[in-house]
Amino acid sequence: MQLRFLGVRKTELETALKGREIKGEDGRDVMGSRDQIDTGTQKQINEVRGFLRACDSLTVLTGAGVSAESGIPTFRDAQTGLWARYDPMELATPEAFARDPALVSRWYDERRGKCADCRPNPGHLALAQLQQRFEAAGRRFTLITQNVDRLHQQAGSRDPVELHGTLWLWRCTSCGEEREEREIPFPDHPPRCACGSIRRPGVVWFGESLPEAALAAAWQAAESCELFMSLGTSSLVEPAASLARVAANAGAKTVEINLKRTPLSTRVDISIAGATGELLPQILTET
Ligand code: BV8
Ligand code: ZN
């Protein structure tokens, strides 16, 4: 390309031009603007790196946005195909399951299928690495997730607090027997327990209380951390959406990373606009 006639090696030029924007005829930055981070965001990244270096206890909350780059639609993303006419907030309720258990079971079976085809993305991997680093240095790290896909565990994260359960565990609605279900798809909808009763996904539905142990662990981790990071969540679903406030009220530094603004963006110390799959690996270099 153009560079050749300058008789200098591409790498030398790239280092010389690092961070500088070179506009091509079409006004696009020839140095491949996708991974160019604007100076404002770079400054925020450096500040977050400073927070990470300085803190001995970190609590991270993740939402559907962290799994988006793995190909799992978020709750905000429009439902597709035969699910397009259903509102996920309606399907994810005990009322919907009582009304039509086969329909709700099929929806969760389809989501299991989707998750099974997806792999953790660099955002998940960066968080697993961060946990390793923190724990190797004797610093406290707590990962709290609203996601039910278990991609964090696949990425190597240990013991994340699953606030809203998981769609990989199914529970009998009468004897309570719970076990992991990896066979996709289910032969019948809804699946049946050996006792003959129907089984439901091991998730928390809207209107249902969260598992006490998970909620207590999340609250305790928010109240006692020095840094709280809210990643890829719209911060609309309670009580998860209150955790950042609990941390801030307890004196923690708070950081948000999201593609879009959320109700939390004006209430945290640093809110970075961007994709977690791109920004988290960047933030982790040099921390
Ligand atoms: C309860 C499991 C006791 C099932 C889920 C107080 C006030 C108002 C309402 C309430 C309240 N207290 C309780 C309620 C009711 C309700 C609630 O909060 N309703 C909301 C809608 C107003 N809460 C409950 O019912 C909870 N139970 O409180 O019990 C009680 C009961 C009744 C009344 C009082 C008390 C139970 C809530 C849990 C429900 N189960 N999931 C399943 O998955 O099927 S919630 C589910 O939706 C997820 O787990 C998650 O929590 C939520 C979706 O939010 P996000 O994960 O943030 O995803 P979303 O799609 O919204 O946004 C994605 C974000 O990522 C976006 O901002 C986008 O910009 C960003 N993004 C996208 N790509 C990227 C990205 N960011 C970075 N990088 C990218 N690449
Ligand atoms: Zn049973």
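- Val148 and Tyr108 end up in the same hydrophobic cluster when Ile, Leu, Val, Met, Phe, Trp and Tyr side chains are linked at under 4.5 Å.
- Side chain of Arg182 to main chain of Ala116: no donor-acceptor pair is present (N/O by atom type, distance under 3.5 Å, no hydrogens or angles).
- Using a cut-off of 4.0 Å between Lys/Arg side-chain N and Asp/Glu carboxylate O, Arg179 and Glu181 are scored as salt-bridged.
- Every pair passing ring pair (Phe, Tyr, Trp, His ring centres under 6.0 Å) that includes a residue from residues 132-169 is listed here, sequence neighbours excluded: His124-His152.
- Val48 and Leu130 fall within a single hydrophobic cluster, where Ile, Leu, Val, Met, Phe, Trp and Tyr side chains are chained together by heavy-atom contacts under 4.5 Å.
- Phe97 is not listed as a side-chain neighbour of Pro94, based on a closest heavy-atom distance of 4.5 Å or more.
- Following chains of ILVMFWY side-chain contacts shorter than 4.5 Å, one cannot reach Leu143 starting from Val204, and the two form parts of different hydrophobic clusters.
- For Glu47 (side chain) and Ile270 (main-chain N/O), no donor-acceptor pair under 3.5 Å exists by modelled atom type.
- For the pair Leu61 and Met229, the minimum side-chain heavy-atom distance is 4.5 Å or more.
- The list of ring pair (Phe, Tyr, Trp, His ring centres under 6.0 Å) pairs with a residue in residues 173-192, not counting sequence neighbours, reads Trp170-Phe186.
- Side-chain atoms of Asn121 come within 3.5 Å of backbone N or O of Val66 as a donor-acceptor pair.
- Residues Trp205 and Leu103 fall within the same hydrophobic cluster, defined by Ile, Leu, Val, Met, Phe, Trp and Tyr side chains chained together at heavy-atom separations under 4.5 Å.
- The closest donor-acceptor contact from the side chain of Ser157 to the backbone of Gln153 lies at 3.5 Å or more, if one exists at all.
- No side-chain donor-acceptor contact under 3.5 Å links Gln42 to the backbone of Thr39.
- One N or O on the side chain of Thr93 and one on the backbone of Ala96 form a donor-acceptor pair closer than 3.5 Å.
- A salt bridge does not link Arg106 to Asp109: none of the charged side-chain nitrogens sits closer than 4.0 Å to a carboxylate oxygen.
- When every heavy atom of Gly63 is checked against every heavy atom of Thr233, the shortest pair comes out as CA-CB, 3.9 Å.
- Glu226 places a side-chain N or O within donor-acceptor distance of the main-chain N or O of Asp56, the cut-off being under 3.5 Å.
- For the pair Cys172 and Cys195, the minimum side-chain heavy-atom distance is below 4.5 Å.
- Within the 3.5 Å criterion, the main-chain N or O of Pro190 finds no donor-acceptor partner in the side chain of Asp188.
- Electrostatic pairing of Glu95 and Arg99 does not count as a salt bridge here, judged by no charged N lying under 4.0 Å from a carboxylate O.
- A distance of 12.5 Å separates CD1 in Ile257 from OG1 in Thr262, rounded to the nearest 0.5 Å.
- Of the candidates Arg199, Arg192, Arg200, Glu177 forms a salt bridge (Lys or Arg N to Asp or Glu O under 4.0 Å) with just one, namely Arg199.
- A heavy-atom distance below 4.5 Å is not found between the side chains of Gln220 and Leu215.
- Of the possible donor and acceptor atoms, one in the side chain of Thr285 sits under 3.5 Å from a partner among the backbone N and O of Gln282.
- Nearest heavy-atom pair, Thr266 versus Arg261, reported as atom, atom and distance to 0.1 Å: CG2-NH2, 4.0 Å.
- Proximity of Leu227 to Val60: side-chain heavy atoms (C-beta onward) are nowhere separated by under 4.5 Å.
- Within the 4.5 Å cutoff, the side chain of Leu280 has heavy atoms near those of the Leu127 side chain.
- Side-chain N/O atoms of Thr62 and Thr145 include a donor and acceptor closer than 3.5 Å.
- Put simply, the side chain of Phe228 does not reach to within 4.5 Å of the side chain of Val246, judged on heavy atoms.
- A salt bridge does not link Arg267 with Glu256: every distance from a Lys NZ or Arg NE/NH1/NH2 to an Asp or Glu carboxylate oxygen is 4.0 Å or more.
- No side-chain heavy atom of Leu58 sits under 4.5 Å from any side-chain heavy atom of Thr142.
- For the atom pair OG1 of Thr254 and CG of Leu243, the computed distance is 12.5 Å after rounding to the nearest 0.5 Å.
- No single ILVMFWY cluster, assembled from side-chain heavy atoms under 4.5 Å apart, contains both Leu231 and Val268.
- Under 4.0 Å is where a charged nitrogen must lie from a carboxylate oxygen, and between Arg140 and Glu135 no such pair does.
- Looking at residues two or more places apart in sequence or on another chain, you find no salt bridge (charged side-chain N to carboxylate O under 4.0 Å, His left out) involving Arg119.
- Atom CD of Glu238 has more than 12 heavy atoms from other residues, nucleotides or ligands within 6.0 Å.
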